[in-house]
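A short worksheet on the structure shown next.
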Amino acid sequence: MGLKSTPARVRFAPSPTGRFHIGSARTALYDYLYAIKTGGQFILRLEDTDQQRFDPESEEEYYESLRWLGLQWDEGPDIGGPHAPYRQSERMQIYQNHAEELIERGHAYYCFCSPARLAQVRQEQQQRKQPPRYDGLCRSLSMSEAQARRNSGESSVIRFKTPREGSTTCLDILRDPIVVDNATVDDYILVKSNGMPVYHLAAMVDDHLMEITHVLRGSEWLPTFPLHVMIYQALEWDQPIWVHLSVLLNPSGKGKLSKRDSASGKSDAKAIFALDLRELGYLPEAVVNWISLMGWSFDDHTEFFRMQDLIDKFTLEKLSPSPAAVNYSKLDHFNGLHIRDMATEELTKRLIPFFEKENVESEPKLLAEITPLIQERIRTLDEAVNMAAFFFKPEIDAAPQELVGKNLTPGESAQAARRSHDLLATLDFFELETVENALRNLADELALSAGQLFGILRVAITGQRISPPLLESMNIIGKEVVLHRLELAIAKLDAFEAP
RNA sequence: GCCCCCAUCGUCUAGGGGACCAGGACGUAGCCCUUUCAAGGCUAAGACCGGGGUUCGAAUCCCCGUGGGGGCACCA
């Protein structure tokens, strides 16, 4: 069924001015999914025409984030392609040519108004409660006059000559046709006085030249959508399929998720950036699954998706036009699901950096034995460190009161620990069942519940009230260390009771 | 202020005139399982923004409100 769709050329065109956040990630993911699904190309283009805001580190972060998420591009600034260059700052001549073509066709004009005059016009309009727009002073300048002023060295920009009459219909596959009065559309600047094109020109030209078939972009472009359609029409180009993605909202649903929130100091604020999510122990598989569902759905009962599932199932039609608030608890849920979905050896590999980060010397061979015990207990990779550090530490330090069994006195607890120690000293740890039965019998003998006895041993051996399964853990730690830790616990309990 | 978009449980959503006293997921609560914690299983509470139409019949179509969001730069 999906076989008959024609190969799409889809582009992700970020502006390297900041960090790569989950909104960018979602757009890139949809781009990627659609391109791969249709057997087309996923193109990466850098929109770096604003030299003021350009940030070289940002470019690197985009590459790394995309790679981390597994969204490999087919054409891009770093790898080239049939429509290179893919960095807008290297395509200035192309934009200049098209701007001139628009002027020749009577769809654009030179404007010599100073920023100061523009500001004044705007202010007056606002006082009159009118929408702030260019008043058209230079719109009717003759070609020769404009040329003369330019030759005299006067600074100018190029503006689009928006039709004063009629209307423009904009088609977005997720919405009804949007019809706007041309009279309400401003004469936007296309080329700045420094010769740099603005998004409106550069993106349209590149999308056309790069043969982009589907434009997926944020709905913040909806207000200037008519302009973009007019540019295509003025150049007599066929339009791509337009898809305006819904905005991502803060977890509260109040306001859009923005880079600004990352600095506000809220607990989950910094988690809006992909690479921060990686630091926090989230899997790219889970992040992909999570963001895929913000504004897209498949059916009634499927939410767990691996990348290939997404490629198979993704359709533009199921995208939703309404804004979506991000839900971090759902990310935790997906992360747990994907951790459990992963091969144990793979999980072990991914866990290593987190132990290293906390300076826990995790021997890979030992860690491989531990992974199965924690795989279904962790939701983020970094939780593994707290949960399993006791396996690696030479000494654990349990508080005496923690060692006391439920509803028991320190003395009774010490006695239970002592008896367990002596019993365990005679057993072969590798026979889990034998050990368990022996311990249960001991509990009976001491008139304790299994829970009471295991509780004491758990704290004595792991230093934690909550731990991976006790018997398996003991097995990994080894008899010698287990007995040693029990001796320490007994000593502590004895001392605890003494006063 | 002006323009545009959107509107189902707290959140993400299914739904595209009768199949809906509205289904799923996360979260929450309870139960089962159980050596702790998880995982897993089961159950519960929880929504069609309001008002008008259209229609035999509306969550679904239309209009008006309201609410939310976005935009109004020589940024993207």
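Chain letters run A, B, ... following the sequence lines, proteins first, then strands; residues in each count from 1. What you see is a predicted model; the values in this text were computed from it and never measured.
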Answer with yes or no after comparing the ring centroid distance for A/W242 and A/Y232 against a 6.0 Å cut-off, counting only values under it. yes
B/rC4 P sits how many Å from A/L174 CG, rounded? 19 Å
Any side-chain N or O of A/R440 less than 4.0 Å from the OP1 or OP2 oxygen of B/rU35? yes
Round to a whole Å and report the spacing from CD of A/E376 to C1' of B/rU34. 12 Å
Can you confirm whether the side chains of A/N327 and A/S329 place a donor and an acceptor under 3.5 Å from each other? yes
With respect to the phosphate group of B/rA14, does any side-chain polar atom (N or O) of A/S297 fall under 4.0 Å of OP1 or OP2? yes
Rounded distance in Å - CZ (A/R465) to P (B/rC37): 11 Å
For A/T49 and B/rA76, is the shortest distance between a side-chain N/O and OP1 or OP2 below 4.0 Å? yes
Do A/R175 and B/rC5 have a side chain to base donor-acceptor pair shorter than 3.5 Å? no
Are the aromatic ring centres of A/W296 and A/F305 under 6.0 angstrom apart? yes
What does A/L293 touch in the nucleic acid at a heavy-atom separation under 4.0 angstrom: a base, only the sugar-phosphate, or nothing? sugar-phosphate
For a quick test of reading the model: is some side-chain N or O of A/K192 closer than 4.0 Å to OP1 or OP2 of B/rA76? yes
Check: A/H244 ring centre within less than 6.0 Å of A/F225 ring centre: yes
Using a cut-off of strictly less than 4.0 Å, decide whether A/K129 has a side-chain nitrogen or oxygen near OP1 or OP2 of B/rC72. no
Between A/R379 and B/rC26, is there a contact of a side-chain N or O with OP1 or OP2 at under 4.0 Å? no
Does A/P323 reach a base, just sugar-phosphate, or nothing at all? Heavy atoms under 4.0 Å. sugar-phosphate
If I take atom CG in residue A/L227 and atom P in nucleotide B/rC72, what distance separates them, rounded to the nearest angstrom? 12 Å
Under a 4.0 Å threshold between the charged nitrogen and the carboxylate oxygen, would A/D341 count as salt-bridged to A/R306? yes
Between B/rC72 and A/R122, is there an OP1 or OP2 to side-chain N/O distance shorter than 4.0 Å? no
Distance below 4.0 Å between A/K330 side-chain N/O and B/rU13 OP1 or OP2: no
Round to a whole Å and report the spacing from CZ of A/F298 to P of B/rA14. 13 Å
Indicate, with a heavy-atom threshold strictly under 4.0 Å, whether A/T184 touches base, sugar-phosphate, or nothing. nothing
In whole Å, I'd like the distance from the CG atom of A/D176 to the C1' atom of B/rC4. 13 Å
